[in-house]
Structure formats: structure tokens, C-alpha cells
Amino acid sequence: MAFLFNSDPVRAAVFRKVFARELPDVELFHSSECVDPEKVRYLLTWTAPDNIGRYRNLEVLFSLGAGVDQFKRESLPRQVKLVRMVEDGIIRMMQEYVVLGVLSLHRDMVAYREHQRCRTWRGLAAPQATERRVGFLGLGMLAQAAIERLLPFRFALAAWSRSSKEIEGVTCFHGADQLAGFLAQTDILVCLLPLTNETRGILDAELFSRLPAGARLLHVGRGPQLDQTALVQALDNGHLAAAMLDVTDPEPLPDDHPLWRHPKVAITPHIASVTQADSAAKSVVDNIRRHRAGEELIGLVDRTLGY
Ligand code: NDP
Ligand code: OXD
């Protein structure tokens, strides 16, 4: 029985060690050339290889990332379970990044960076955190973990998801009907939605117009969720005050893209959170054990919903 690790050699070495200790009967291969395709039961990869059909006995396809939009789900064999990455390293890094982003936007760090460039020494009036309303698009694993870390700052917290939720300290909205109400009371909007047919292009001119004047955007979901032209317009006409983008479309943006040099925009190169080999290997081992025991897999993707 084989596990094919289709990613970088450094992380493969860590997985190999953890597998040897925890699942000695599963052989780990780092190269598809060295493994008999019939033996592959588990495959971990960022995107599905073109020839995935040759792994006729594949049972579980593990995504290297928390997102699974990079897989063409319709071309995956029906019997294969698709599992997104749920592991402590990704969660902790996203907690750090969202706290960093929300505090930066709350305390005008994007504007101060521009002031510094122009050698301007001028303070901007900042409301108390209790008066700043932070709203999350998406209230899944990562948004909930980030919210947990934001609670001590006493922001007014809200979130919007597909299904109804109740979380202490968070005003919860759900479904298309409640989106406008959620946006109307959001000063800092954090996008942590998966990319699906429903969320592609969701951050558009209409959505921005529903945010209060002076609102800020922290985008950590996926690039194609954002209409970048609409964002530039909303920043230029002053409706939005600032944006921090960890994801863009394409990645990276072309050299001459206006977002690169926009004074109200900070960009990071899709580093909000990165799968950590050691904790990811433990989580994959745990899921393989669950699979063998006929238990529900953690992070199993609902192929109909797309996340
Ligand atoms: P989850 O699947 O745990 O949560 C997704 C959330 O989005 C859920 O609350 C879900 O609602 C909500 N949602 C999905 N579709 C809709 C919709 N149409 N309308 C309203 N709400 C919707 O995902 P994670 O929290 O683990 O990850 C979120 C995304 O973050 C990933 O898919 C990935 O794209 C991105 N990401 C980015 C990283 C980066 O470095 N920038 C790193 C890791 C992930 P419900 O709860 O009702 O199902
Ligand atoms: C992920 C990512 O999905 O890095 O894990 O974006």
C-alpha cells in the first residue's frame, strides 16, 4: 500500500519520518516514477496530476492546502475522497496574519507607510477597538480560529456564512438575504471564503458600495473572489480607506498592475498561512487511520458545495 507525496523534497522528508514511525505498513513515495500506480491508495498534492486516472486504486486525495479550488472536481474519479488540509500550523499562521492585518487596518498602518514615504509626520484619529466593527466573510475553521485571537481586543465582531451559526461574542449572519445587513455594519471586512462558483467575484463594486464609507478590506481567501478593478475604483473615489491583499489574480500581479503601487494597498505574496510539514504529516496520518477505521475524515470536501 503506497502514499504518493507529490510536493517538495524537504516536506517529503518530514512526512517520510512521521510515516515510518506512525504508519510503517504504508510506503511513502516522493516520485511517481518509482511507484507502481496500482499500489497508490493515498495521494497528497497541491493540484491533481493530469494522469490521476492511472491510480486506479486511489482512495483519498489529500490537498496540500486548506483550499481545494485548484482541483477540477468533475475530473476526479467519483470514488476518491477529496480532503482539504486541516492542521495546526495553517491555523496558527492564519491567526497571526489576520490579527496583524486587522490591527494594521484598524491603526492605519497602510496610510502611515505612505506618510513615511512622503516624510509626513501626522497622526490620524483612530477609534477605539470597541467602536470598530470587524466582519468575516466565511466562518469556517480559519475564520473561527482568527476570531478567537481577536476577541481580547474587544472589536465588535460579526461574520457571514452559508448556514446559520451561533458563536459567543460574534454577531452571526448567513445566506444571501443577510449579506447586505452584514456589510452595512462592517468597518473592516476580512474575506476567508473558499473559492467556489458562488464566491467567485463576490468582492465587487456592489458589495463595496454596501460597506460604510471608510471601510477597509483584508483579503486572505482567493484572488478570483476579488474584482480588482472595482477595488481600485472604490479606493480612488475614497469609499474604501485601505486594503491588504494576500491573494491576487493572477499571482503575482503583472508588473504594471495599479495595485502594486497603490498608496492605499498593502500586498503580501500569498503567505498568510503555509502548510507546516510536521503538523500536516500528523494530521494526514490521523486521517488515514480514520479512513481505515471507517470513520469520518477531517476536512472531507463536499463535492457538491465545492469546499
Ligand atoms: P472552511 O471550509 O472551514 O470554511 C468556509 C466558510 O465559508 C464556511 O463558514 C462556509 O459557510 C463559508 N461559505 C462557503 N461558501 C459560502 C457562500 N456561498 N456563502 C456564504 N458563506 C460561504 O474553510 P477554511 O476556513 O479552512 O478556509 C477558507 C479559505 O481560506 C480556503 O478555502 C482558502 O481559499 C483560504 N486560505 C488562504 C490561505 C492564505 O494563505 N491566503 C491559507 C489557507 C486558506 P458554512 O459554515 O455555512 O459552511
Ligand atoms: C491554502 C493556501 O489553501 O495556502 O492552504 O492558500
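Keep in mind that the numbers below use all heavy atoms, side chains included, and drop hydrogens, waters and symmetry copies. Whatever order the structure lists them in is the order used to number ligands and atoms, beginning at 1. Sequence positions, counted from 1, serve as the residue numbers for this chain.
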Part of Arg84 within contact of ligand 1 (heavy atoms, under 4.0 Å)
side chain
Between Phe3 and Phe29, does the ring centre distance come in under 6.0 Å?
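Phe3 vs Phe29: aromatic centres not under 6.0 Å.
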Atom 33 (C) of ligand 1: the protein heavy-atom neighbour that sits closest, reported with distance to 0.1 Å
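Protein heavy atom with the smallest distance to atom 33 (C) of ligand 1: Arg222 NH1, 3.6 Å.
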What residue and atom, counting heavy atoms only, is the protein's closest point to atom 38 (C) of ligand 1, and at what distance?
Met94 CE, 3.5 Å
Residue pairs meeting salt bridge (Lys or Arg N to Asp or Glu O under 4.0 Å), one or both in residues 179-206, sequence neighbours left out, come to Arg133-Asp187, Glu206-Arg210
Which heavy atom in Gln228 sits nearest to a heavy atom in Asp249, and how many Å separate them?
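Gln228 and Asp249 have their closest heavy atoms at OE1-N, 2.9 Å.
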Could you name the option among Ala66, Pro194, Ala272 that has the heavy atom nearest to atom 1 (C) of ligand 2?
Ala66
Just go through Leu139, Leu142, Asp69 and tell me whose heavy atom is the nearest to atom 25 (O) of ligand 1.
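Residue with the shortest heavy-atom distance to the ligand atom: Leu142.
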Where ligand 1 meets [X] - atom numbers and elements under 4.0 angstrom, heavy-atom basis:
{"X": "Glu198", "answer": "18 (N)"}
{"X": "Lys165", "answer": "45 (P), 46 (O), 47 (O)"}
{"X": "Leu192", "answer": "28 (C), 30 (O)"}
{"X": "Leu193", "answer": "7 (O), 12 (C), 13 (N), 21 (N), 22 (C), 29 (C), 34 (O)"}

Do the side-chain N and O atoms of [X] and [Y] include a donor-acceptor pair separated by under 3.5 angstrom?
{"X": "His30", "Y": "Asn6", "value": "no"}
{"X": "Tyr97", "Y": "Thr268", "value": "yes"}
{"X": "Arg122", "Y": "Tyr112", "value": "no"}

In Å and rounded to the nearest 0.5 Å, what is the CZ to NZ distance from Arg113 to Lys264?
13.0 Å
Heavy atom of Arg84 under 4.0 Å from ligand 2?
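No, Arg84 has no heavy atom closer than 4.0 Å to ligand 2.
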Taking only non-hydrogen atoms of Ser63, do any sit less than 4.0 angstrom from ligand 2?
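Judged by the 4.0 Å heavy-atom criterion, Ser63 does not count as contacting ligand 2.
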Output yes when the distance from some N or O of ligand 2 to some N or O of [X] is under 3.5 Å, and no in every other case.
{"X": "Thr275", "result": "no"}
{"X": "Gly67", "result": "yes"}
{"X": "His270", "result": "yes"}

Is the Phe5 ring parallel, tilted or perpendicular to the Phe15 ring (thresholds 30°, 60°)?
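Geometry flag for Phe15 against Phe5: tilted rings.
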